[in-house]
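Every chain is numbered from 1, with letters handed out A, B, ... down the list of sequences.
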Amino acid sequence: MPDVLSRLAALQPLRAVGLVAALALLVLTGCATQPPASDADAVAEYRETNDPIEPTNRVFYAVNNGLDTVIIRPLATAYRYVLPQPVRNGVHNVLSNLGNPVQLFNDMLEAKPRRAGDTMMRLLVNTTVGVGGIFDVATDWGWPAHDSDGGMTLALWGLPDGPYLFLPILGPSGPRDATGFGIDYGLSPTTYIGRGPTVDALGYARTGLGALDARSAVLDDLDKITSQALDPYATIRSLYRQHRQSQIDDAVADNRATVPAWFPAPPAASTASGARIP
Amino acid sequence: MIVSQGPSLFTMSKNATFVPTLSRRACLAAGGAAVLTAVAMPHKAIAETALEPATAFIDKTAQSLMAAVNGSSPGAAKAAALEKIVEENVDIEAVARFCLGRFWRAATPAQQKDYLELFHRVLVSNITGRVGEYQGVTIVTNRGVAREDGVAVTTTVTRPNNAPNRVDWLVANETGQLRVIDVIAEGTSLRLTQRNDYMSFLSRNNNSVQALIDALRQQAAAPK
């Protein structure tokens, strides 16, 4: 057991906490009461909500909210207050550029060649011309960003999202997206670079900055949700699922042709596929 | 091949929350003509709401929205102008009924009336309360796509210092006039989110519509 824990601790700290707590979640599982079969509408709604361990989820939601109120939100507020917008944009760009290798793997696993090409060019252009990813030059040059991760890959492979899970630290998720999170960790090249004080420090910095970047981007929106919703937990559940579905829909709908613009394709095929001819 | 995997995702999923999304995707894939044949019979909204008038309607509404929030008038005047636009262009009653879902029928006529009035007030104050944030917004209307419950007009909304957002406006004409019945920001439907919020609240309050009305009354009274 101590061996397992030390291995977990060798992961990036927030993720380790998340994993330990996810294990605890399995132990503590409390179940939502299913409505009686006589009430057809209520049963349909229960199925639609697909949140069988809602009481447990709500506990972790409350814990996360507490952590957010005393630690993460104040830090994110300070982060936004201290650093000017261009600097925060630069940080955001560097972080998303670091995520490009994982995204590239996922684009390929999703069998989306044009998306993979976009990500490849974003990685190459932004790392070099964009000075280590600080400036997002690639978007202006015609390789815009898109979302792609392990959970989306599994969705495109036909896996359903499964029951709702609210994970400690990590927040809204489900079996598919949590598995995808693990896949992304395994796909990330940074998982395999050596261990040492410098590497660890860089890892912590990346995780910490990532949390600040993500939280500061939604400061106003999340405040609005918690103040305007009658049940913020249910509202976040709904928003999370709709957002994931829209990311997946976008990936499914992205069937751009792989024929390069300069390739002398037959006219009929090229108009049908939307390829440009100079 | 990948596309064909999409629907199976949903048939496997027990989660009916995604049924509207499934229909939308099916619509997109099938193309406009097929959609008309497939869904025109049970849903008259499409036959009555052609793509072009809906797109023109949203374009006009977007122009008046931009004029209202980007002017130099003080905040209160902007909020009043925005409220007028919302009143004229949003079918608030249809949104309210959608958000109450199956409990609309369970409510007494008096409760329905209270609910509609409070929903109206809360919605308007939630929108106008954020008027300051809309400063400098630009809205570009793209195109309309037929859906089974109306026409979704896609726009690109850009706020200063923010990446452009895709916002779809769902337009229907159940009252005989074109009206917005949903706003879908980056794939998240505002009315569906609101309905899920209310449904959860109701299930945690013994399915009591009166409890919801009381909670809305508190929201309406709360200072913004």
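- In the model, A/Q242 has a side-chain atom that pairs as donor or acceptor with a side-chain atom of B/T193 under 3.5 Å.
- Rounded to the nearest 0.5 Å, atoms OG (A/S238) and CG (B/L192) are 5.0 Å apart.
- In this structure, the separation between CG on B/N196 and OG1 on A/T49 is 7.0 Å, given to the nearest 0.5 Å.
- Applying the 6.0 Å contact sphere to CD of B/Q218 captures no more than 12 heavy atoms from other residues, nucleotides or ligands.
- Residue contact with chain A, scored on non-hydrogen atoms closer than 4.5 Å, involves the side chain of B/R204 exclusively.
- Using modelled atom types, one side-chain atom of B/Q219 and one backbone atom of A/Q228 make a donor-acceptor pair closer than 3.5 Å.
- When the shell of 6.0 Å around CE of A/M120 is examined, it contains 12 or fewer heavy atoms from other residues, nucleotides or ligands.
- Within 6.0 Å of CG in A/D140 there are more than 12 heavy atoms belonging to other residues, nucleotides or ligands.
- Heavy-atom distances place no part of A/A251 under 4.5 Å from chain B, backbone and side chain included.
- Contact count versus chain B (heavy atoms, under 4.5 Å) is highest, among A/D250, A/L230, A/T235, A/D220, for A/L230.
- Note: B/R166 CZ to A/S246 OG = 8.0 Å, rounded to the nearest 0.5 Å.
- A/E45 places a side-chain heavy atom less than 4.5 Å from the side chain of B/R102.
- In this structure the side chain of A/K224 never reaches within 4.5 angstrom of the side chain of B/N126, judged on heavy atoms.
- If you tally non-hydrogen atom pairs under 4.5 Å between each of B/S200, B/A215, B/S203 and chain A, the highest count goes to B/S200.
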